[in-house]
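Keep in mind that what you see is a predicted model, and the values were worked out from it rather than measured. Whatever order the structure lists them in is the order used to number ligands and atoms, beginning at 1.
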Amino acid sequence: MTDSPTAAATSTASTASRFREKVCVVTGAGGGIGSAIARRLAREGATVVVCDVDGATADTVASEITGEGGRAEVAQFDLADASACHQAVDDVVARHGHLDVLVNNAGVNRRGDLLALSAEDWETSFAINVHPLFHLCRAALPHMASRGGGAIVNTASQWSLQPAPGHIAYNVTKAAVVAFTRSLARDHAHQGVRVNAVCPGEILTPMVEAHLARTGRTVADLDALVPFGRVGTPEEVAALVAFLASDEAPYMCGSVVEITGAQAVA
Ligand SMILES: NC(=O)c1ccc[n+]([C@@H]2O[C@H](COP(=O)([O-])OP(=O)(O)OC[C@H]3O[C@@H](n4cnc5c(N)ncnc54)[C@H](O)[C@@H]3O)[C@@H](O)[C@H]2O)c1
């Protein structure tokens with residue numbers, strides 16, 4: 001077993017102001033990885049818009065951030081609702097006058113192979129994992145471009161690149177997130193909008209915990225799959241997202257970055 005995550009992964013000591021005066025929208029921010037991203041950006045000075053369909057978890061995350069002295073507001077809406085996506089971005093711009101960072105993090109994992117998966121699961125996977133990227137980016141990009149640029153970070157998956165068995169909807173929609181990221185970057189780099197994606201491996205979050213509970217497997221079972229010896233933490237993914245979204249990554253555009261504890265190269 002490799003050492004547990006060190007303070008280095010969560011420290012903001014040297015980066016505390018990377019997002020000062022920036023407005024950052026994070027979807028799925030009530031969940032495991034999204035809440036870690038929201039907290040990380042807020043600790044580094046951002047005003048974070050905590051977006052989630054689950055208003056209670058979004059409220060909790062926003063309260064934690066404001067309780068620590070950060071700035072957060074909640075936007076509760078369903079990403080499957082295209083007009084709600086546009087409205088959410090318009091509301092942010094109306095309130096703040098700008099939108100600097102968009103993190104398309106929300107996602108669902110409907111399991112099954114082609115024959116086991118229902119048509120509803122297939123369509124829901126696209127409705128939540130893919131279509132909102134089109135609507136949110138379409139709403140946000142003109143605002144970013146008009147101010148000389150911005151950063152978009154999309155949460156894909158290791159399985160975007162190496163399909164997992166029995167997860168056809170997830171594999172295909174997450175591959176679409178990668179293709180969308182590269183296409184958008186190619187088209188809008190000249191406007192100063194940097195678009196990148198992260199591809200996490202096994203990260204311990206409510207999504208994964210629910211799967212473990214259903215299948216009777218343990219965290220140790222997952223740890224054993226990872227060459228690094230343990231699953232990743234949401235905070236480790238958040239640190240990578242924050243880097244890509246920050247001015248420390250000015251030449252990163254169209255990049256797809258794996259964060260897997262070497263699982264992808266095993
Ligand atoms: N946990 C992992 O091992 C892992 C690995 C690779 C990629 N990912 C990706 O990371 C992202 C976050 O995953 P997580 O593990 O934190 O999951 P999670 O289930 O903890 O969080 C997902 C969040 O998205 C929200 N959400 C779901 N449907 C929504 C909708 N229709 N409208 C608005 N919000 C909605 C949920 O309410 C939840 O808060 C997802 O895109 C997931 O596919 C996770």
Side-chain angles (χ1 to χ4, degrees), residues 25-40 49-62 74-85 87-89 102-111 120-121 123-133 135-136 153-164 167 169-178 180-181 197-214 217 219 221-223 225-226 228 230-238 240-241 256-261 263-264:
V25 167
V26 183
T27 71
I33 294 173
S35 61
I37 295 169
R39 280 192 285 266
R40 174 81 192 216
V49 184
V50 178
C51 304
D52 208 290
V53 70
D54 182 339
T57 59
D59 283 341
T60 301
V61 172
V74 170
Q76 192 254 319
F77 64 99
D78 186 348
L79 286 165
D81 179 344
S83 62
C85 291
Q87 191 64 54
V89 169
L102 168 62
V103 183
N104 288 303
N105 164 78
V108 291
N109 186 353
R110 297 289 170 93
R111 293 171 173 83
E120 192 268 333
D121 278 340
E123 282 155 20
T124 298
S125 298
F126 277 88
I128 299 173
N129 293 357
V130 182
H131 297 164
L133 275 65
H135 296 296
L136 289 170
V153 184
N154 300 321
T155 306
S157 167
Q158 175 193 346
W159 296 352
S160 306
L161 312 171
Q162 296 177 311
H167 287 74
Y170 192 74
N171 297 337
V172 170
T173 56
K174 290 298 184 178
V177 171
V178 166
F180 180 87
T181 299
V198 296
C199 291
E202 303 287 355
I203 310 298
L204 196 58
T205 68
M207 180 189 275
V208 171
E209 282 165 344
H211 183 58
L212 290 176
R214 266 196 308 275
R217 294 166 72 205
V219 175
D221 295 331
L222 282 187
D223 287 342
L225 297 174
V226 184
F228 204 60
R230 63 166 176 81
V231 295
T233 68
E235 288 72 23
E236 287 166 329
V237 179
L240 173 60
V241 170
V256 175
V257 185
E258 294 171 60
I259 175 163
T260 66
Q263 195 178 4

(message) Test of understanding: given a 4.0 Å heavy-atom threshold, classify the contact between Q158 and ligand 1 as side chain, backbone, both, or neither.
(response) neither
(request) Return the residue, atom name and 0.1 Å-rounded distance of the protein heavy atom closest to atom 31 (N) of ligand 1. (result) D78 OD1, 2.8 Å
(request) Give the contacting part of L204 toward ligand 1: side chain, backbone, both or neither, where contact means a heavy-atom distance below 4.0 Å. (result) neither
(message) Applying the side-chain contact (heavy atoms from CB on, under 4.5 Å) criterion to C199, which one of V237, N154, L161 satisfies it?
(response) L161
(message) Using a 3.5 Å distance criterion without hydrogens, assess whether the side chain of Q76 forms a donor-acceptor pair with backbone atoms of D52.
(response) no
(message) Below a 4.0 angstrom heavy-atom separation, can you tell me which part of C199, side chain or backbone, both or neither, approaches ligand 1?
(response) neither
(message) Students should be able to answer this: which protein heavy-atom is nearest to atom 22 (C) of ligand 1, and at what distance?
(response) G107 O, 4.0 Å
(message) Is there a side-chain contact between V177 and T155 in this structure, where contact means two heavy atoms from C-beta onward sitting under 4.5 Å apart?
(response) no
(message) Return the closest protein heavy atom for atom 34 (N) of ligand 1 as residue, atom name and distance.
(response) V53 N, 3.3 Å
(request) For atom 17 (O) of ligand 1, grab the closest protein heavy atom and report residue, atom and distance to one decimal in Å. (result) M207 CB, 3.4 Å
(request) Taking atom types as modelled, find out whether E120 and T124 have a side-chain donor-acceptor pair closer than 3.5 angstrom. (result) yes
(message) Test of understanding: given a 4.0 Å heavy-atom threshold, classify the contact between Y170 and ligand 1 as side chain, backbone, both, or neither.
(response) side chain
(message) Just to be sure I read this right, does ligand 1 sit under 4.0 Å from the backbone of T205, its side chain, both, or neither, counting only heavy atoms?
(response) side chain
(message) Give me the residue, atom name and distance of the protein heavy atom closest to atom 10 (O) of ligand 1.
(response) T155 CG2, 3.2 Å
Using a 3.5 Å cut-off and no angle test, enumerate the donor-acceptor pairs between side-chain atoms of residues 205-214 and protein atoms at least two apart in sequence or in another chain.
residue, atom, partner, partner atom, Å
T205, OG1, M207, N, 3.3
H211, ND1, R111, NE, 3.0

(request) Check V208 against ligand 1 and report side chain, backbone, both or neither, counting heavy atoms closer than 4.0 Å. (result) side chain
